[in-house]
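The block underneath contains the structure these notes are about, expressed in structure tokens.
When reading the values below, keep in mind they use all heavy atoms of this one structure, side chains included, and skip hydrogens, waters and symmetry mates.
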2 protein chains.
Amino acid sequence: MTVDGAQLWTLNQRLLSVVMDACTEELADLGLETKEFFVLAEVAASPYPAEIAAALLLPKASVTVYVRNLVAKGFIRREIDDADLRRHRLVLTTEGAEARDRALAALAAEYDRRLARITPQDRSELQRILQEMLTSPA
Amino acid sequence: MTVDGAQLWTLNQRLLSVVMDACTEELADLGLETKEFFVLAEVAASPYPAEIAAALLLPKASVTVYVRNLVAKGFIRREIDDADLRRHRLVLTTEGAEARDRALAALAAEYDRRLARITPQDRSELQRILQEMLTSPA
DNA sequence: CTGTATTAGTTCCAAATTGTACCAGTAGGC
DNA sequence: GCCTACTGGTACAATTTGGAACTAATACAG
């Protein structure tokens with residue numbers, strides 16, 4: 001079971017990498033770097049930089065950079081939080097929401113596509129292991 | 001379905017990040033940086049730097065760096081490939097194989113543990129979506 | 001009120017990452 | 001053989017990333 005866990009983890013990891021890599025160009029067309037996209041996609045759920053950093057396990061300093069870029073590109077706006085003047089409440093612009101939705105759609109499409117396209121062995125292995133893991137919870 | 005694909009991707013992505021993050025310290029105890037671990041775990045399947053770069057979607061220059069570190073730590077050895085003198089055939093040392101196995105075990109344990117521990121909503125959502133995706137292939 | 005501790009966000013700069021240019025070796029045409 | 005095109009790996013420079021120190025604002029004890 002330990003070995004299977006490792007295989008599962010590896011396969012899953014690889015699948016996500018491949019999907020992300022395949023979408024990099026599409027994201028670039030939308031004007032988004034990979035990391036910027038992660039931040040953009042998180043803004044609605046976590047409207048403050050500190051929250052984003054915690055949610056995405058990114059250093060605060062990095063979030064500062066990505067937020068700056070996203071603001072410069074017009075995808076988000078900073079507003080001062082009246083309740084706490086230290087906070088920068090982040091707001092999606094119309095363009096930002098649209099770019100995010102397109103990006104997520106591209107990612108989802110690629111994910112589905114790849115799952116059907118990875119090596120048959122890898123795929124059935126992934127399916128078997130996920131199934132097993134999900135049907136016999138610890 | 002597009003939305004679900006995006007949710008699935010996001011949840012999965014987050015789960016893997018959290019697992020990796022949780023294991024970082026354990027890997028460090030084994031003497032491994034995260035990226036180095038990826039390379040170490042790939043050596044058996046892809047014994048040449050160029051193969052590793054292709055498999056892990058890493059730049060060749062980065063693989064050079066990680067391989068150098070792994071060699072310095074005594075986890076792998078470079079051998080010249082008699083059939084092609086440009087190639088560096090990479091060989092796991094005993095210590096390397098052991099470190100890799102320990103690292104994979106740690107990762108697997110953490111993965112199982114986290115799957116049982118993420119937010120109940122997140123978890124059932126993940127389960128539902130994965131199930132759906134896997135039982136109705138495109 | 002003050003004083004102390006904590007938090008949000010940024011800046012600074014060292015460290016990690018990676019694009020590009022490079023050299024060595026291989027493959028194949030002629 | 002020679003020449004050209006290509007591949008494997010590395011080195012160096014330029015960019016990106018992130019730890020630590022910093023400033024501003026809040027919280028809350030006394």
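- Between B:L85 atom CG and D:dG9 atom C1' the separation is 13 Å, expressed in whole Å.
- The pair A:E36-A:K73 meets the salt-bridge criterion, since a charged nitrogen lies less than 4.0 angstrom from a carboxylate oxygen.
- At most 12 heavy atoms of other shown residues, nucleotides or ligands fall within 6.0 angstrom of atom CZ in B:R102.
- Side-chain N/O atoms of A:S62 include one lying less than 4.0 angstrom from OP1 or OP2 on D:dG18.
- Across the protein-nucleic acid pair, A:H88 atom NE2 and D:dA25 atom P stand 10 Å apart, rounded to whole Å.
- If you measure from atom CZ of A:F38 to atom C1' of D:dT17, you get 15 Å, rounded to the nearest angstrom.
- A:R14 has a carboxylate O that lies under 4.0 Å from a charged side-chain N of B:E42, or vice versa, which qualifies the two as a salt bridge.
- What separates CG of A:L90 from C1' of C:dG9 is a distance of 11 Å, to the nearest Å.
- Among the atoms of the strands shown, none is found under 4.0 Å from any heavy atom of A:R89.
- For C:dT17, one of the phosphate oxygens OP1 or OP2 lies less than 4.0 angstrom from a side-chain nitrogen or oxygen of B:K35.
- The phosphate of D:dT16 has neither OP1 nor OP2 within less than 4.0 Å of any side-chain N or O from A:Y66.
- Residue contacts shown for B:V67 are absent, as no nucleic acid heavy atom lies under 4.0 Å away.
- Of the charged side-chain nitrogens involved, at least one lies within less than 4.0 Å of a carboxylate oxygen, so that A:E79 and A:R77 count as a salt-bridged pair.
- The interatomic distance linking B:L58 (CG) with C:dG19 (P) rounds to 11 Å, in whole Å.
- For the pair B:E51 and A:A61, nearest-nucleotide mapping onto DNA chain D gives the more 5' position to B:E51.
- Taking atom OH on B:Y48 and atom C1' on D:dT7, their separation rounds to 14 Å, with Å as the unit.
- Counting heavy-atom neighbours within 6.0 Å of A:I80 CD1, excluding the residue itself, gives a total of 12 or less.
- Here B:A50 lies in heavy-atom contact (under 4.0 Å) with sugar-phosphate atoms only.
- Taking for each of B:R68 and B:R87 the nucleotide of DNA chain D with the nearest heavy atom, the 5'-most of the two is the partner of B:R87.
- Dashed line: the shortest gap from a side-chain N or O of A:R78 to OP1 or OP2 of C:dT10 is under 4.0 Å.
- Distance B:K60 NZ to C:dT17 P: 19 Å, rounded to the nearest Å.
- Atom CZ in B:R86 sits about 13 Å away from atom P in D:dT10, given to the nearest Å.
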